[in-house]
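Here's the structure we're looking at; comments come further down.
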Amino acid sequence: MLVITGTFRVPADRLADARPAMAAMIAASRAEPGCLHYSYGEDVLEPGLIHVVEHWTTREALAAHAASVHIQAWRAAWPALGIGERDLTLFEADGGSAI
């Protein structure tokens, strides 16, 4: 399993404008083959800091996601929404276990 975790920033005064685009991205990504989990969460202490968590079955599934129409539309929306300071890291995991 592949795990992506990280953050991106949205200007706090643009969060309301960004939420529909974020929701569309999440919904489309969750529907993709190979997507096990996909979520964004706003930091409680830093308005506009969005935490990203993604789980993918394979690198091929992740590559298809990166080439998808919805991710291209999401990235095209970034300048208008002021989205920046993106910092994501990819990890390979064995599937983990409950703790």
Side-chain angles (χ1 to χ4, degrees):
M1 175 172 60
L2 303 175
V3 176
I4 297 173
T5 184
T7 59
F8 64 88
R9 290 193 179 272
V10 178
D13 63 343
R14 302 298 312 275
L15 279 169
D17 297 331
R19 281 192 179 101
M22 289 190 291
M25 180 60 184
I26 293 165
S29 298
R30 287 179 178 175
E32 287 184 73
C35 181
L36 301 171
H37 177 85
Y38 199 100
S39 64
Y40 297 159
E42 184 180 350
D43 193 279
V44 172
L45 299 178
E46 289 189 53
L49 179 63
I50 307 299
H51 293 271
V52 177
V53 178
E54 305 176 31
H55 298 171
W56 297 91
T57 54
T58 63
R59 287 190 179 272
E60 292 79 15
L62 181 57
H65 168 68
S68 68
V69 171
H70 58 272
I71 202 165
Q72 302 307 319
W74 168 235
R75 288 179 178 161
W78 290 357
L81 296 171
I83 292 174
E85 293 185 46
R86 184 173 163 264
D87 181 20
L88 300 174
T89 303
L90 171 68
F91 300 93
E92 293 193 40
D94 65 3
S97 60
I99 55 171

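Keep in mind that the numbers below use all heavy atoms, side chains included, and drop hydrogens, waters and symmetry copies.
- Here the straight-line distance linking atom CZ of Arg14 with atom CD1 of Ile83 works out to 9.0 Å at 0.5 Å rounding.
- Checked against the 6.0 Å centroid threshold, Phe8 and Trp74 count as a close aromatic pair.
- Taking the side chain as every heavy atom from C-beta outward, Thr57 and Met1 never approach each other to under 4.5 Å.
- Remark: Met22 CE to Leu81 CG distance equals 8.5 Å, nearest 0.5 Å.
- Contact record, Pro33 with Ala61: O-CB, 3.7 Å, taken as the closest heavy-atom pair.
- For Ala12 against Pro47, the heavy-atom pair with the smallest separation is CB-CB, 4.0 Å.
- Connection of Tyr40 to Leu88 is established within a shared hydrophobic cluster, with ILVMFWY side chains joined at heavy-atom distances below 4.5 Å, either directly or through further cluster members.
- Contact annotation: the side chain of Cys35 never approaches that of Glu54 to less than 4.5 Å [non-hydrogen atoms, C-beta and beyond].
- Across Ala66 and Arg75, no two heavy atoms sit closer than the pair O-NH1, 4.2 Å.
- A chain of hydrophobic side-chain contacts below 4.5 Å, direct or via other Ile, Leu, Val, Met, Phe, Trp or Tyr residues, connects Val52 to Leu15.
- No side-chain heavy atom of Asp17 sits less than 4.5 Å from a side-chain heavy atom of Val10.
- For the atom pair His55 NE2 and Leu2 CG, the distance stands at 10.5 Å (nearest 0.5 Å).
- With contacts defined as side-chain heavy-atom distances shorter than 4.5 Å, the pair Glu85/Asp87 does not qualify.
- For the pair Leu90 and Leu62, the minimum side-chain heavy-atom distance is below 4.5 Å.
- Here the closest non-hydrogen pair linking Arg30 and Ser39 is NH2-CB, 4.0 Å.
- A tilted orientation is assigned to the rings of His65 and Trp56, their planes being inclined by 30° to 60°.
- Side-chain contact check for Glu42 versus Arg19: some heavy-atom pair is nearer than 4.5 Å.
- Remark: side-chain polar atoms of Glu92 are not paired, donor with acceptor, to backbone N or O of Val3 under 3.5 angstrom.
- Tyr38 places none of its side-chain heavy atoms less than 4.5 Å from the side chain of Glu32.
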